[in-house]
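Take a look at the structure set out below.
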Amino acid sequence: MSDLLVMKFGGTSLGTAARIRVAAQISAEQHAKRGVVTVVSAMAQVTDLLLDSLRKAEAGDQADLDRNLKELYARHFEVCRELLPAARQEAVLAGVHALIGEFSRIAKGMMMLGERPPRSIDEAVAIGERLSAYLLAEYLESQGILAAAVNAADVIATDAVFGNATPLMEQTRERASKTLHRLLDEGILPVVTGFNGSTLDGRPTTLGRGGSDFSASIIAAALNASELWIWTDVDGIMTGDPRLISDARVLDMVTYNEAAELAYNGAKVLHPRTLAPLVERAIPVWSKNSFALDKPGTKIVPSAAMARAARGPHAVTSMADVALVSIEPANSVLSGTKVMARALEALDRANVEILAITSSSYRQTFCFLVRQSELGSVMEHLEESLSLELAHGYLKPFDVDKDVGLIAVVGEGMKGTPGLAGRIFTAISKRDVNIIAIAQGSSELTIAIVVRRAGLESAVKAIHLECGLGG
Ligand code: ASP
Ligand code: MG
């Protein structure tokens with residue numbers, strides 16, 4: 001469909017009745033001009049509450065589960081009362097009640113079983129998005145706009161990796177054209193749940209925490225939309241973390257590659273997987289602030305031409321909860337390459353993301369950086385796959401260093417800019433921060449730097465200043 005706009009509202013942009021009104025107004029305004037599909041997250045904090053409830057259920061903790069359910073009802077009832085005209089309230093309260101009832105039945109099943117099957121978690125947790133989609137659609141209808149809440153389980157087809165599923169684009173395109181095109185053709189505004197999907201045989205899945213951005217881009221790609229707007233509570237993609245850097249600036253424009261690198265390296269503004277589905281059709285994305293409608297936001301575009309015009313980096317981002325794992329052969333009997341290959345295979349089986357990796361020296365020592373939350377699984381898989389080498393002393397015991405932080409300096413314009421790395425490292429060392437590891441790919445899109453945790457903030461500030469990123 002030409003000219004179609006897909007928009008996504010995050011949890012804070014739907015966190016209260018007042019915010020839902022704003023989201024509805026934005027959707028309606030565009031819907032008056034062209035086809036719109038609105039994708040929603042659960043209201044702020046609701047997903048956490050749902051997941052916590054399921055853990056309580058598994059642990060057999062009836063009182064805590066009841067307390068959570070009460071909070072869930074209260075939160076949505078309150079919004080419903082504030083949002084909807086009296087005449088519609090009873091019906092919508094009943095609808096909310098039914099959805100939360102569905103959730104509580106799944107939770108109670110888990111309590112009886114004393115376990116949380118992954119597919120049941122996915123089915124239950126998507127109810128946060130089904131609630132917000134329902135409320136937004138009902139409110140739009142109350143304002144005289146034809147709207148319909150759509151469960152993305154009927155739109156997004158995925159593999160069966162529960163909790164972190166990957167879309168199957170061809171089948172999603174088929175499903176989307178059946179469910180969404182029909183609505184759009186009738187002038188109805190579909191309000192689709194973010195975060196969830198289902199397997200080809202209909203089992204419920206989710207796309208990973210924060211996955212609603214990804215849902216929106218999957219839908220935009222499936223419908224061949226002309227634009228995707230992602231509404232959050234910040235002004236766009238920034239040159240640095242504003243909590244850290246007082247003169248951090250919003251960027252007018254970044255490329256897909258830059259935005260993906262920033263997201264991947266800890267910038268919170270976009271889910272890292274969001275841009276991949278859009279590449280093929282080069283659909284532009286806007287990152288916008290639903291709390292500041294007058295701000296233009298950041299445009300994310302496929303082309304690197306404009307980025308190259310600007311020399312040097314565009315932004316610096318950092319991550320604190322990471323761990324550096326080093327692997328070192330004890331002697332030269334073992335091929336370093338083989339050890340590396342086995343270690344990488346183990347990481348693949350553990351399904352973890354390597355944030356940075358470096359290798360050097362005659363001894364073929366190498367180290368890689370992972371999220372601390374994934375460290376348990378990393379060590380388990382590594383130890384299993386290299387157990388013989390460890391037992392026979394061919395490998396030194398793995399070294400794990402959690403007292404580190406990752407900095408990523410990102411920009412397509414860094415390519416072929418001599419002296420840049422030198423300036424960055426000098427700026428860091430002037431602040432007395434020791435650099436532990438460095439990685440730069442040959443695309444020169446990102447320089448990743450691992451430093452001591454205590455020096456992380458200071459190093460980020462130094463780079464932002466040295467590269468003249470501030471306003
Ligand atoms: N509600 C889900 C979460 O909190 C998905 C999202 O917000 O994007 O992870
Ligand atoms: Mg969110």
Side-chain angles (χ1 to χ4, degrees), residues 236-241 244-245 248-249 251 253-276 278-279 285 287 298 300-324 344 347 352-360 366-371 404-428 433 435-451 455-457 459-470:
I237 297 179
M238 303 192 71
T239 56
D241 183 345
L244 209 63
I245 299 163
R249 230 171 9 94
L251 292 156
M253 226 191 258
V254 298
T255 64
Y256 283 177
N257 284 336
E258 290 172 334
E261 284 289 325
L262 289 169
Y264 183 73
N265 288 293
K268 294 266 149 44
V269 65
L270 266 190
H271 187 277
R273 292 208 276 172
T274 308
L275 296 160
L278 307 172
V279 171
V285 185
S287 165
T298 301
I300 309 168
V301 296
S303 148
M306 69 88 200
R308 292 233 179 77
R311 284 314 227 175
H314 260 156
V316 53
T317 180
S318 65
M319 250 167 132
D321 294 326
V322 293
L324 191 68
L344 290 176
L347 293 173
V352 300
E353 250 167 14
I354 301 172
L355 299 166
I357 182 163
T358 71
S359 131
S360 64
F366 79 105
C367 63
F368 55 87
L369 196 77
V370 293
R371 292 188 179 83
V404 294
L406 170 70
I407 300 169
V409 189
V410 175
E412 306 234 27
M414 300 198 302
K415 198 174 174 90
T417 310
L420 194 62
R423 270 171 52 208
I424 289 171
F425 299 142
T426 306
I428 297 177
V433 178
I435 295 173
I436 300 169
I438 301 166
Q440 184 197 43
S442 54
S443 70
E444 298 182 52
L445 177 62
T446 298
I447 301 177
I449 307 161
V450 180
V451 297
L456 183 64
E457 280 84 7
V460 167
K461 284 183 190 163
I463 295 169
H464 197 267
L465 187 67
E466 173 62 33
C467 298
L469 299 175

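Side-chain contact between P302 and V279 is absent, with no heavy atoms from C-beta onward closer than 4.5 Å. By the 4.5 Å heavy-atom criterion applied to side chains, I300 and L270 are counted as neighbours. At least one side-chain heavy atom of F368 sits less than 4.5 Å from a side-chain heavy atom of L347. Between I354 and L344 the shortest side-chain heavy-atom distance falls below 4.5 Å.
Distance OG1/T317 to CD1/I463: 10.5 Å, rounded to 0.5 Å. With values rounded to the nearest 0.5 angstrom, M319 atom CE is found 13.0 Å from I407 atom CD1. Taking NZ from K415 and CG from L445, the interatomic distance works out to 9.0 Å, rounded to the nearest 0.5 Å.
Residues satisfying the side-chain hydrogen bond (donor to acceptor under 3.5 Å, both in side chains) test with E353, not counting sequence neighbours, are R371. Remark: T426 pairs with K430 by the side-chain contact (heavy atoms from CB on, under 4.5 Å) rule, at least two apart or across chains. By the side-chain contact (heavy atoms from CB on, under 4.5 Å) test, V433 is found to be paired with I428, R431, V451, S458, A459, residues two or more places apart in sequence or in another chain being considered. With sequence neighbours left out, the side-chain contact (heavy atoms from CB on, under 4.5 Å) criterion links S318 to L456, V460. Remark: E466 engages R423 in a side-chain hydrogen bond (donor to acceptor under 3.5 Å, both in side chains) (not counting sequence neighbours). In this structure H271 satisfies the side-chain hydrogen bond (donor to acceptor under 3.5 Å, both in side chains) test with no other residue, sequence neighbours excluded. Residues meeting the side-chain contact (heavy atoms from CB on, under 4.5 Å) test with D241, sequence neighbours left out: R243, L244. By the side-chain hydrogen bond (donor to acceptor under 3.5 Å, both in side chains) test, T239 pairs with H464, sequence neighbours left out.
In plain terms, the two heavy atoms of V322 and G405 that are nearest each other are CG2-CA, 3.9 Å. In plain terms, the two heavy atoms of L324 and C367 that are nearest each other are CD1-SG, 4.1 Å. The nearest pair of heavy atoms linking L275 to Y256 is CD1-O, 3.3 Å.
Looking at E258, its side chain never comes within 3.5 Å of a backbone N or O of V410 through a donor-acceptor pair. In terms of modelled atom types and a separation under 3.5 Å, the side chain of T298 and the main chain of L251 share a donor-acceptor contact.
Applying side-chain contact (heavy atoms from CB on, under 4.5 Å) to V254 and the options I237, V285, V301 leaves one that passes, I237. When each of E261, H314, E412 is paired with T255, the side chain to side chain donor-acceptor pair (under 3.5 Å) condition holds for E412 and for no other.
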Derivation of the side chain to side chain contact (heavy atoms under 4.5 Å, CB included) call for F425 and I438: CA-CA 10 Å; F425 299 142; I438 301 166; 3.7 Å; yes
